[in-house]
Amino acid sequence: IQKSIEHIPPFIIGAMLFIASGLILLVWCIIKGEKLWNPAQLKTAAIAGVLMLFVGNGAVIWAEQNLASSLVAVLVSAAPIWFVLLDKPRWKENFKSTGIISGLVVGLIGVVLLFSERVSAAMASAGSMIQVLGLLVLVIGSMSWAGGSLYSKYKSTGSGIVNITWQMLAAGVAFSIVSIANNEWSGFQWQTVTASSWWSVIYLIFMGSLAGYSAYVWLLQVRPATQVSTYAYVNPVVAVLLGVLFAGEHMTMTQLSGLAIILTSVLLINLAKNRKEQKMAHNKETLAKAA
């Protein structure tokens, strides 16, 4: 994203990514003979796509104009916290768990720690306020991603590939509308975009959208949402390493501490979930033997 955004406006990137990915999947659905036109399914998929891809992913694209990709990934790694808070059907289960509550508190400390350094810099320099705004947008985006994921898990019906197709196309339309409203196309010059930025867009279409996002939505249908959210373990580590190796970024000790604390909170939450699942499995096995 950071490489592509160097020469392409953020909402145009989103429009290109998800319209291209959606059209590729649409052709695949037609070839496979999938039933595409189901108004109820389309509506649910469109809402999920706007929440996850337009608001959630769009927040990341927009924020990377002013924030290092490594810092963005660290803050987005707090997503599992929002999964626990927004997963209403599992509130009773989640909030009875000491491990999950501990994880939420620790994660909140990590997020506050990440904010503190940027807020202090903003107070010292007015030019840094845009970075604080970027952090706030990321928090909203992370919440929207979790909310959209849960909505997709509990409300989606029918073929998974059809749902993903409509989600991407809905997000692509939303990005297109905002890019036009934001007057991005008037100043955009195709000929100034470097090969590096184009390759980044192509990579995002095939690896980020078609491979990564499709796998994520499929997993939501077959595994608990909080377990699927553990993808956030890997993102910050990969982003920090790539940012340092290829983008000349660096992480301060405060930011690294925030990363460690957030990942610890996610670990606590998921350890609690795994213990509960193992206990339930053991109880079922015991009952089966007794029967």
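Connection of W166 to V27 is not established within any shared hydrophobic cluster, with ILVMFWY side chains joined at heavy-atom distances below 4.5 Å, either directly or through further cluster members. Put simply, L23 and W198 are part of the same group of oily side chains (I, L, V, M, F, W, Y) that touch within less than 4.5 Å, one to the next. Put simply, L26 and M16 are part of the same group of oily side chains (I, L, V, M, F, W, Y) that touch within less than 4.5 Å, one to the next. I19 and I177 fall into different hydrophobic clusters, defined by Ile, Leu, Val, Met, Phe, Trp and Tyr side-chain heavy atoms under 4.5 Å apart, directly or through other members. Residue I140 is not grouped with residue I1 when hydrophobic side chains (ILVMFWY) are merged at heavy-atom distances under 4.5 angstrom, including chains of intermediate members.
The distance from atom CD1 of I8 to atom CD of E184, rounded to the nearest 0.5 Å, is 11.0 Å. One finds the CZ atom of F11 at 10.5 Å from the CD1 atom of I13 (value rounded to the nearest 0.5 Å). Remark: I12 CD1 to I61 CD1 distance equals 12.0 Å, nearest 0.5 Å. Going from atom OG1 of T165 over to atom CD of Q167 covers 9.0 Å, rounded to the nearest 0.5 Å. Note: S156 OG to L220 CG = 9.0 Å, rounded to the nearest 0.5 Å. Note that the CD atom of Q221 and the OH atom of Y154 stand 11.0 Å from one another [nearest 0.5 Å].
For S200 (side chain) and S196 (main-chain N/O), a donor-acceptor pair under 3.5 Å exists by modelled atom type. The closest donor-acceptor contact from the side chain of E64 to the backbone of I5 lies at 3.5 Å or more, if one exists at all. With S179 contributing its side chain and S176 its backbone, the two residues share a donor-acceptor pair below 3.5 Å. In terms of modelled atom types and a separation under 3.5 Å, the side chain of S197 and the main chain of K3 share a donor-acceptor contact.
Counting only heavy atoms from C-beta outward, the side chains of L169 and V173 never approach each other to under 4.5 Å. Side-chain contact between V139 and W82: present, with at least one pair of heavy atoms (C-beta onward) separated by less than 4.5 Å. When side chains are defined from C-beta on, I205 counts as touching I24, because their heavy atoms get closer than 4.5 Å. Side-chain contact check for D87 versus K153: every heavy-atom pair is 4.5 Å or farther apart.
Residue-environment remark: OH (Y203) stays at or below the threshold of 12 foreign heavy atoms within 6.0 Å. With a 6.0 Å radius and a threshold of 12 heavy atoms from other residues, nucleotides or ligands, W185 has its CH2 atom above the threshold.
Partners of W62 by side-chain hydrogen bond (donor to acceptor under 3.5 Å, both in side chains), not counting sequence neighbours: none found. Considering only residues two or more places apart in sequence or on other chains, S214 meets the side-chain hydrogen bond (donor to acceptor under 3.5 Å, both in side chains) condition with none of them. In this structure S149 satisfies the side-chain hydrogen bond (donor to acceptor under 3.5 Å, both in side chains) test together with Y216, sequence neighbours excluded. For F188, the ring-ring contact (aromatic ring centres under 6.0 Å, His included) partners at least two apart in sequence or on another chain are W190. For the side-chain hydrogen bond (donor to acceptor under 3.5 Å, both in side chains) test, no residue two or more places apart in sequence or in another chain qualifies with T192.
Under the 30°/60° scheme for interplanar angles, the aromatic rings of Y213 and W145 are found to stand perpendicular.
Minimum heavy-atom separation, G172 to F18: N-CB, 3.8 Å. Smallest separation of non-hydrogen atoms from S21 and L210: O-CD2, 3.7 Å.
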Side-chain donor/acceptor pairs under 3.5 Å, residues 36-56, sequence neighbours excluded:
| residue | atom | partner | partner atom | Å |
| --- | --- | --- | --- | --- |
| N38 | OD1 | A40 | N | 3.2 |
| N38 | OD1 | Q41 | N | 3.3 |
| Q41 | NE2 | T157 | O | 3.0 |
| Q41 | NE2 | S159 | O | 3.4 |
| Q41 | NE2 | N163 | OD1 | 3.0 |
| T44 | OG1 | A40 | O | 3.2 |

